[in-house]
Structure formats: C-alpha cells, structure tokens
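A short worksheet on the structure shown next.
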Amino acid sequence: MSTTPLPEGHWIRGISVRQPYAACILAGANTVENGPARWRTGWVLLHTSKTIDQPALRIPLIGRAIRGRQLVTGAVVGIARITDCHQDPDGALPCSQWAVPGAWHLVLADVQELPLPVPARGQVVPWRPSPDLLARVFQQLPGFRP
C-alpha cells in the first residue's frame with residue numbers, strides 16, 4: 001500500500017452514466033462513452049444514474065457484456081481515465097462499435113471497479129465530488145495513485 005497522499009484540489013471529476021452502459025465499461029467491453037459535449041482528459045469517478053435504459057438491455061452487444069453483472073444505480077461504481085475526447089469526422093467509420101455518430105466520444109482507460117458501490121448523487125454534466133465521497137471511494141482503492 002502506498003503512503004503517497006492523493007493530490008489535493010479538483011484533479012478528478014464525476015461522470016454519470018446510465019446502466020447498462022456503466023456495466024459495459026466496468027466489464028472492459030466498452031472503452032468509448034458517448035457524451036453531448038467535449039470533456040477534458042483526466043480521471044473521473046464512474047457514477048451510475050438512477051435509471052436503467054431498458055431498451056438497451058435487448059441489444060446483443062450489451063447483453064454479452066453485462067451477462068452475470070448487477071446493474072447498480074445511483075452510486076459510484078469505479079474510476080477511469082479519459083485519455084481522449086473527439087467526434088468522428090463526417091463520413092468516417094466510427095472509432096468504436098460503441099460510438100454514436102455526432103456524439104463526443106470519451107475514450108476511457110485504466111478502469112477500476114470498486115469492490116462496493118458508494119451511493120451518491122450525480123449530474124448530467126461533469127461534477128466535482130465532495131472530499132467525503134472521494135475518501136469513501138479511495139478507501140476501497142488503497143494502492144491507487146494518479
């Protein structure tokens with residue numbers, strides 16, 4: 001276990017993702033999250049929205065990725081690093097089978113699932129987690145250092 005403290009300040013944001021897409025990210029199947037606007041690169045808490053996209057559960061790509069996983073809602077379930085944020089050029093092939101044309105594609109790496117979800121409120125836009133929430137999340141990831 002590292003004794004180096006985590007950085008101070010606003011080095012990490014929260015991102016709220018609907019289920020089952022969050023479960024696909026945690027399973028390692030989805031490395032591209034679609035968003036309505038450009039996001040900066042860096043670390044994010046993966047938060048699950050309170051609702052589940054029911055029609056998405058019938059998509060074979062998603063069904064294979066989430067098989068056997070719980071669809072936790074309203075909680076931080078992991079962390080990830082956004083390494084790129086882009087839109088595919090008009091007429092170009094999508095950057096991923098998960099990419100929605102016209103959306104901003106947040107490329108995710110270094111995804112780490114929490115052993116226990118941490119209940120929390122999220123937001124549609126990038127949000128700043130409270131120090132208490134960060135403490136509860138990183139208590140479960142004692143070796144994590146950005």
Side-chain angles (χ1 to χ4, degrees), residues 1-2 6 10-146:
M1 180 159 103
S2 175
L6 290 169
H10 302 293
W11 62 275
I12 190 166
R13 298 265 193 230
I15 178 175
S16 296
V17 179
R18 287 181 78 189
Q19 289 287 25
Y21 301 102
C24 293
I25 292 167
L26 293 174
N30 181 5
T31 58
V32 174
E33 174 58 19
N34 298 290
R38 178 183 291 276
W39 281 52
R40 69 177 190 187
T41 58
W43 288 98
V44 290
L45 299 181
L46 292 174
H47 175 268
T48 56
S49 302
K50 288 191 173 189
T51 60
I52 295 175
D53 183 346
Q54 294 295 328
L57 296 173
R58 294 187 289 279
I59 299 171
L61 178 67
I62 291 172
R64 286 189 299 273
I66 65 170
R67 183 171 293 143
R69 288 187 158 267
Q70 277 192 302
L71 299 181
V72 174
T73 59
V76 174
V77 293
I79 63 169
R81 190 167 50 91
I82 299 173
T83 59
D84 183 37
C85 183
H86 66 271
Q87 287 183 307
D88 291 332
D90 288 338
L93 291 174
C95 65
S96 160
Q97 60 187 345
W98 299 90
V100 172
W104 286 92
H105 303 151
L106 286 64
V107 180
L108 303 172
D110 304 319
V111 176
Q112 296 180 52
E113 186 170 5
L114 294 180
L116 298 170
V118 179
R121 293 184 58 186
Q123 296 179 21
V124 175
V125 297
W127 47 277
R128 290 184 180 162
S130 70
D132 177 59
L133 178 58
L134 288 176
R136 292 170 48 212
V137 167
F138 289 112
Q139 180 180 24
Q140 296 187 53
L141 299 170
F144 172 80
R145 293 297 173 265

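No hydrogens, no waters, no symmetry mates; every other heavy atom, side chains included, goes into these values. The first residue of the sequence shown is numbered 1, and numbering continues consecutively from there.
In terms of heavy atoms, Leu114 sits closest to Val76 at CD1-O, 3.5 Å. What you find for Ile62 and Cys24 is that their closest heavy atoms are CG2-SG, 3.9 Å. Residues Asp88 and Ala99 approach most closely at OD2-CB, 4.2 Å, considering heavy atoms. Here the closest non-hydrogen pair linking Trp127 and Leu133 is CZ3-CD2, 3.8 Å. A pairwise comparison of heavy atoms in Val100 and Asn34 identifies N-OD1, 2.9 Å as the closest pair. When all heavy atoms of Ala56 and Tyr21 are compared, the pair lying nearest together is CB-OH, 3.4 Å.
Between the side chain of Gln112 and the backbone N or O of Gly78 there is no donor-acceptor pair closer than 3.5 Å. Panel note: side chain Thr48, backbone Ala75; a donor-acceptor pair is recorded below 3.5 Å. Glu33 places no side-chain N or O within donor-acceptor distance of the main-chain N or O of Leu108, the cut-off being under 3.5 Å. Counting only distance, with no hydrogens or angles, the side chain of Ser96 and the backbone of Trp98 share a donor-acceptor pair below 3.5 Å. The closest donor-acceptor contact from the side chain of Ser16 to the backbone of Gln123 lies under 3.5 Å.
Going from atom NE2 of His47 over to atom OG1 of Thr73 covers 8.5 Å, rounded to the nearest 0.5 Å. One finds the CG atom of Leu57 at 6.5 Å from the CD1 atom of Ile52 (value rounded to the nearest 0.5 Å). A distance of 13.0 Å separates CG of Leu106 from CZ of Arg81, quoted to the nearest 0.5 Å. Put simply, CD on Gln19 and OG on Ser49 are 8.5 Å apart, with the number rounded to the nearest 0.5 Å.
Note: Phe144 and Trp11 have parallel aromatic rings, judged against thresholds of 30 and 60 degrees for the angle between ring planes.
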Please lay out, stage by stage, how Val111 and Leu26 fare under the test side chain to side chain contact (heavy atoms under 4.5 Å, CB included).
CA-CA 7 Å; Val111 176; Leu26 293 174; 4.0 Å; yes
Kindly determine whether Asp110 and Thr83 satisfy side chain to side chain contact (heavy atoms under 4.5 Å, CB included), including the steps that lead there.
CA-CA 9 Å; Asp110 304 319; Thr83 59; 5.5 Å; no
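A 4.5 Å side-chain heavy-atom check between Ile15 and Leu46 finds at least one atom pair inside the cut-off. The closest side-chain heavy-atom distance from Leu45 to Leu134 is below 4.5 Å. Between Ile25 and Val77 there is no side-chain heavy-atom pair separated by less than 4.5 Å. Using a 4.5 Å cut-off on side-chain heavy atoms (C-beta onward), Arg13 and Ile82 make no contact. The side-chain heavy atoms of Pro20 and Asp53, taken from C-beta on, include a pair separated by under 4.5 Å. Residues Asn30 and Val32 have side chains in contact (heavy-atom distance under 4.5 Å, counting atoms from C-beta outward).
Within 6.0 Å of atom CD in Gln54, more than 12 heavy atoms from other residues, nucleotides or ligands are found, so the atom counts as buried in its surroundings.
Listed by first then second residue, pairs satisfying ring-ring contact (aromatic ring centres under 6.0 Å, His included) with a partner in residues 74-96 read His86-His105, not counting sequence neighbours.
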